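Here the structure comes first, spelled out in structure tokens, and everything after it is commentary.
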Amino acid sequence: MARSRQFIQLKTELPGPNSRALIARREASMPAGFGKSTQIAVRRAHGALVEDVDGNILLDFAGGIGALNVGHTPAEVVAAIKAQAEQLIHICALVATTEPHVALAEKLNSIVPISGPTKAMIASTGAEAVEQAVQIARAATGRPAVIAFEGAYHGRTLLTQTLTSKYALFKKGFGPFAPEVYRAPFPYLYRTAVGTDLSDAQKLELVWEAFERLLVAHIMPEHVAAVVIEPVQGEGGFIPAPKAFMRRLRETCTRHGIVLVVDEVQSGMGRTGRMFAIEHYDVEPDIITLAKSVGGGMPIAATVGRAELMDKVHLGGLGGTYSGNPVACAAALQAIALIERDNLCARAAHLGQLAGARLRQMQERYAIIGDVRGLGAMLALEFVADRQTRQPLSVERTWAIVQDVANHGVLAIRCGLYSNGLRFLFPLVITEAQLHEGLDVVEEAIARADAQR
Ligand SMILES: Cc1ncc(COP(=O)(O)O)c(C=O)c1O
């Protein structure tokens with residue numbers, strides 16, 4: 001049985017009997033295609049600590065896949081949800097207007113890194129936010145095409161699944177996909193021209209040439225409504241786009257009247273050390289998509305963009321039953337207030353430095369770690385079977401590492417185009433001692449996996 005530590009407190013083996021029983025019910029009642037990265041069932045959580053249904057206390061390094069930057073159940077968010085729920089749970093913004101909805105739109109307009117007037121369209125999920133962004137870009141430009149990147153993840157609706165890359169895991173059996181989506185390589189330099197002695201700058205040049213070739217060989221720029229990019233790819237493996245690439249993309253979009261959409265569903269709300277990852281670049285997007293940590297755990301999302309674009313959609317073209325739900329908006333206002341009040345952006349930068357240093361130490365010790373990368377507290381390890389050839393570690397072996405980590409008391413999740421990475425999305429309110437304890441667990445699991453090579 002895994003052992004208790006200062007924060008991780010274990011009463012049973014993991015997964016415990018109650019977790020197993022609940023997961024058996026989950027599997028019997030839900031479709032097989034609905035995956036989960038651990039076999040743990042959770043009862044309650046606070047800050048970075050989670051209590052499972054057997055009374056074990058675990059550390060959370062998955063953070064609701066990036067939805068919990070402010071931590072689990074922060075008192076202010078809980079109080080706002082309770083207060084709003086007692087007054088009004090729902091009315092539908094297509095019927096009547098509520099103050100929390102308007103206040104959230106105003107707040108988002110005031111914090112997005114886009115100069116000039118902006119407008120915010122609130123939705124419920126990240127996929128919806130991205131889908132809205134594409135609809136707005138098409139309505140504003142009168143053009144059909146959208147360019148997305150290899151390794152991208154934008155959601156599971158038909159259009160966002162089309163924009164999403166990584167075929168076998170997300171797209172198998174679901175075609176035909178939406179038309180007019182074109183794919184460009186992402187500057188994933190660790191896997192560009194492997195085996196050559198090209199410098200990163202030369203590799204970047206190759207990737208950029210491929211982007212320019214796309215605009216000649218596959219689609220004319222005059223037909224492109226939008227380029228949709230994650231400044232730091234999330235599911236794709238926590239790969240920050242190099243600055244030079246983003247700048248060239250911005251210049252190209254400006255030159256051809258293409259709407260630049262940055263998808264910050266995962267990288268936004270303080271995670272990278274700035275409120276938005278795009279603030280690390282000297283680049284302004286036309287539209288930014290947000291979700292996850294906007295709501296402190298409540299389902300809420302937003303498409304925020306230059307007002308003259310946002311206003312191009314005809315009356316009736318936007319909105320849904322739950323757009324701007326007042327309980328979700330009240331939670332979001334408090335979650336954003338906490339990020340600002342507690343300076344969680346600076347905290348993310350600090351935690352990212354601490355964790356990054358530990359991960360680089362691990363890389364020196366264990367050959368199974370091919371790459372350590374990320375931005376701020378958006379960090380990942382990429383595992384390899386062979387450092388020289390960079391052959392990705394198998395999905396099964398990476399999966400086994402994630403299970404080993406979870407079964408020793410740290411909820412974790414993989415990532416990467418080859419599903420061979422481990423990503424870190426701990427709440428930004430985690431203490432340094434908790435962070436180190438969780439990293440100890442991660443390191444021990446990696447040492448065990450490395451020893452099996
Ligand atoms: C960058 C990015 N865009 C969009 C989405 C989709 O968000 P949702 O799952 O809320 O639809 C995700 C989800 O992980 C994401 O990481």
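In listed order, ligands and their atoms are each counted from 1. It should be emphasised that the depicted structure is a prediction, and the values quoted were computed from it without experimental measurement.
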Has Y167 got more than 12 heavy atoms of other residues, nucleotides or ligands less than 6.0 Å from its OH?
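It does: Y167 OH has more than 12 such atoms within range.
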Between the side chains of [X] and [Y], is a donor N or O closer than 3.5 angstrom to an acceptor N or O?
X    : Y    : result
T164 : Q161 : no
E284 : S115 : yes
R250 : T254 : yes

May I have the list of side-chain donor-acceptor pairs in residues 318-328 shorter than 3.5 Å, sequence neighbours left out?
residue	atom	partner	partner atom	Å
S323	OG	G320	N	2.6
S323	OG	G320	O	3.1
N325	OD1	V327	N	3.0
N325	OD1	A328	N	3.0
N325	ND2	I89	O	2.9
N325	ND2	H90	ND1	3.3

At less than 3.5 Å, what protein N or O atoms come close to the N or O atoms of ligand 1? Include the distances to 0.1 Å.
residue	atom	partner	partner atom	Å
ligand 1	3 (N)	Y153	O	3.4
ligand 1	3 (N)	D263	OD1	3.3
ligand 1	3 (N)	D263	OD2	2.6
ligand 1	10 (O)	G126	N	2.8
ligand 1	11 (O)	G126	N	3.4
ligand 1	11 (O)	A127	N	2.8
ligand 1	14 (O)	K292	NZ	2.9
ligand 1	16 (O)	Q266	NE2	2.8

Charged N-O contact under 4.0 Å between R341 and E76:
yes
